[in-house]
Amino acid sequence: MDNSKKRAAIVAGLVSIAGLIGSGSASAAPQPDAATGEYCVTTLKKLKPGETASEVVSRQCGNDPAIATSAASAENVLVTLYTDNDYKGHWEMFFGQDGPCDQSGYGINSVGFEMENATSSLITHSWCNDVTLYNWVGRDPGGGTYRLRSLGTEISGWEALPGFNDATSSLHLSQY
């Protein structure tokens with residue numbers, strides 16, 4: 001076997017091992033920053049009566065967008081947050097394990113280390129057309145809020161967040 005083939009086999013093996021290490025699912029209540037990277041996929045459960053935060057089912061991150069998107073399964077994409085205007089830069093996708101948004105929606109108490117105070121644009125899906133962004137974690141309105149609504153739309157996009165750029169730490173998604 002020549003050196004280039006050996007090198008390719010070693011790299012493929014290391015990539016496989018790295019994938020196995022990063023593919024484990026998180027516990028029932030993982031820390032919001034249990035996984036870090038430039039691209040993250042987080043799966044949530046829908047809010048139930050009396051709950052203030054959606055349970056995090058899993059969170060996987062990586063520095064390659066293809067690795068992070070491979071972690072997503074058939075759940076509904078709820079929102080994708082981007083670090084730059086015009087849907088560019090690093091991103092985090094939040095998925096809904098229990099279906100699309102409804103009036104109770106999903107409560108995200110922390111957007112994660114990579115996106116905290118770094119979100120500059122976002123796209124919502126699955127009828128999540130009523131969005132409240134919070135400057136503080138825990139969806140605490142004391143630090144300021146920013147409301148986005150797109151009436152009657154399944155998919156909505158905000159290519160910039162004037163007045164709230166790089167200020168999001170948590171958010172609430174629901175159907176208007």
Q) Cluster question for you: counting only ILVMFWY and a side-chain heavy-atom cut-off of under 4.5 Å, with indirect links fine, are Leu78 and Trp127 together? A) no
Q: Could you tell me whether the side chain of Asp140 and the main chain of Gly142 form a donor-acceptor pair under 3.5 Å?
A: yes
Q: Applying side chain to side chain donor-acceptor pair (under 3.5 Å), name anything that partners Ser170, two or more places apart in sequence or on another chain.
A: none
Q: Name all pairs fulfilling the disulfide bond (SG atoms under 2.5 Å apart) condition that reach into residues 103-176, sequence neighbours left out, sorted by first residue then second.
A: Cys101-Cys128
Q.
For the OG atom of Ser104 and the CG atom of Leu173, what is their distance to the nearest 0.5 Å?
A. 11.5 Å
(Q) Side chains of Ser58 and Phe95, heavy atoms from C-beta outward: is any pair under 4.5 Å? (A) no
Q | Gap between atom CD1 of Ile123 and atom OG1 of Thr80 - 0.5 Å precision | A | 6.0 Å
Q: Only counting residues at least two apart or in another chain, list the ones meeting ring pair (Phe, Tyr, Trp, His ring centres under 6.0 Å) with Tyr176.
A: none
Q: Go through the structure and list residues passing ring pair (Phe, Tyr, Trp, His ring centres under 6.0 Å) with His90, not counting sequence neighbours.
A: Tyr39
Q: Apply the test side chain to side chain contact (heavy atoms under 4.5 Å, CB included) to residues Asn165 and Asn85: give CA-CA distance (whole Å), side-chain angles for both, the deciding distance (0.1 Å), then the verdict.
A: CA-CA 9 Å; Asn165 187 54; Asn85 288 346; 4.0 Å; yes
Q: Check step by step if side chain to side chain contact (heavy atoms under 4.5 Å, CB included) holds for Thr153 and Thr124.
A: CA-CA 10 Å; Thr153 57; Thr124 61; over 6 Å; no
Q) Among all residues two or more places apart in sequence or in another chain, which pass the side chain to side chain donor-acceptor pair (under 3.5 Å) test with Asp84? A) none
Q | Hphob cluster co-occupancy, Trp136 + Tyr146, side-chain heavy atoms under 4.5 angstrom | A | no
Q.
So Leu133 and Leu161, do their side chains get closer than 4.5 Å, heavy atoms only?
A. yes
Q: Ignoring hydrogens and angles, tell me if any N or O in the side chain of Ser120 forms a donor-acceptor pair with the backbone of Thr83 under 3.5 Å.
A: yes
**Q.** Under the side chain to side chain contact (heavy atoms under 4.5 Å, CB included) test, residues paired with Leu47 that sit two or more places apart
**A.** Glu51, Ser54, His172
**Q.** Listed once per pair and sorted, the salt bridge (charged side-chain N to carboxylate O under 4.0 Å, His left out) pairs that draw on residues 37-46, sequence neighbours left out
**A.** Lys46-Asp102
**Q.** Derivation of the side chain to side chain contact (heavy atoms under 4.5 Å, CB included) call for Asp98 and Tyr106
**A.** CA-CA 10 Å; Asp98 300 323; Tyr106 291 85; 4.0 Å; yes
Q: With sequence neighbours excluded, give me every salt bridge (charged side-chain N to carboxylate O under 4.0 Å, His left out) pair touching residues 145-173.
A: Asp130-Arg147, Asp130-Arg149
Q: Could I get the full list of side chain to side chain contact (heavy atoms under 4.5 Å, CB included) partners for Thr42, not counting sequence neighbours?
A: Leu44, Val56, Arg59, Glu92, Phe94
Q: Verify, without hydrogens or angle tests, whether Ser121 (side chain) and Tyr87 (backbone) share a donor-acceptor contact under 3.5 angstrom.
A: yes
Q.
With side chain to side chain contact (heavy atoms under 4.5 Å, CB included) as the criterion, how do Trp91 and Val41 come out once you've worked through the C-alpha distance, each side chain's angles and the decisive distance to 0.1 Å?
A. CA-CA 9 Å; Trp91 51 257; Val41 176; 4.3 Å; yes
Q: Mind jotting down which residue pairs meet the disulfide bond (SG atoms under 2.5 Å apart) criterion with at least one end in residues 145-176? Sequence neighbours excluded, please.
A: none
Q: Considering non-hydrogen atoms only, spot the tightest contact between Gly37 and Cys61 and give its length.
A: N-CB, 3.7 Å
Q: Taking side chain to side chain contact (heavy atoms under 4.5 Å, CB included) as the test, write out the residues that go with Thr145, two or more places apart.
A: Thr132, Tyr134, Pro141
Q) If Ile, Leu, Val, Met, Phe, Trp and Tyr residues are connected whenever their side-chain heavy atoms lie under 4.5 Å apart, and connections chain through other members, are Ile155 and Val77 in the same group? A) yes
Q: May I ask you to check whether Thr119 and Thr168 show a side-chain donor-acceptor distance below 3.5 Å?
A: no
Q) Who pairs with Asn117 by side chain to side chain contact (heavy atoms under 4.5 Å, CB included), at least two apart in sequence or on another chain? A) Asn135, Ser169
